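Quick caveat, the model's predicted, so the values are computed rather than measured. Atoms considered below: every heavy atom in the structure, side chains included; atoms not considered: hydrogens, waters and symmetry mates.
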Amino acid sequence: MCAHCCPTKAVTLDDDLFPTVDDSKCIGCGVCRQTCPFNRISPEPLIASDKR
């Protein structure tokens, strides 16, 4: 669910269905964290200047 809902396709799943977030694509919207049924994506601090 988290990979499917990511608006920038920054989340991919490995063979064990563990999500990986590509920081170069992530915009920090938090949709992946909200939709992950297994809470496998931990929140990371986002500094606005990092994602411009």
Side-chain angles (χ1 to χ4, degrees):
M1 191 67 161
C2 53
H4 178 73
C5 291
C6 179
T8 61
K9 307 299 181 211
V11 180
T12 56
L13 302 176
D14 66 15
D15 292 337
D16 295 321
L17 300 179
F18 193 83
T20 300
V21 179
D22 181 342
D23 291 334
S24 69
K25 294 180 182 178
C26 178
I27 58 172
C29 68
V31 172
C32 60
R33 289 189 305 266
Q34 294 170 3
T35 60
C36 183
F38 304 108
N39 293 321
R40 289 186 171 179
I41 298 178
S42 59
E44 298 208 5
L46 177 67
I47 300 170
S49 63
D50 288 347
K51 298 296 176 182
R52 289 182 188 192

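Under the side chain to side chain contact (heavy atoms under 4.5 Å, CB included) criterion, C2 pairs with V11, L13, P19, C32, T35, C36, I41, sequence neighbours left out. Every residue two or more places apart in sequence or in another chain that forms a side chain to side chain contact (heavy atoms under 4.5 Å, CB included) with P37 is listed here: M1. Here D14 pairs with D16, F18 under the side chain to side chain contact (heavy atoms under 4.5 Å, CB included) rule; sequence neighbours left out. Applying the side chain to side chain contact (heavy atoms under 4.5 Å, CB included) criterion to T12, with sequence neighbours excluded, gives T20.
Contact record, K9 with K25: O-CD, 3.8 Å, taken as the closest heavy-atom pair.
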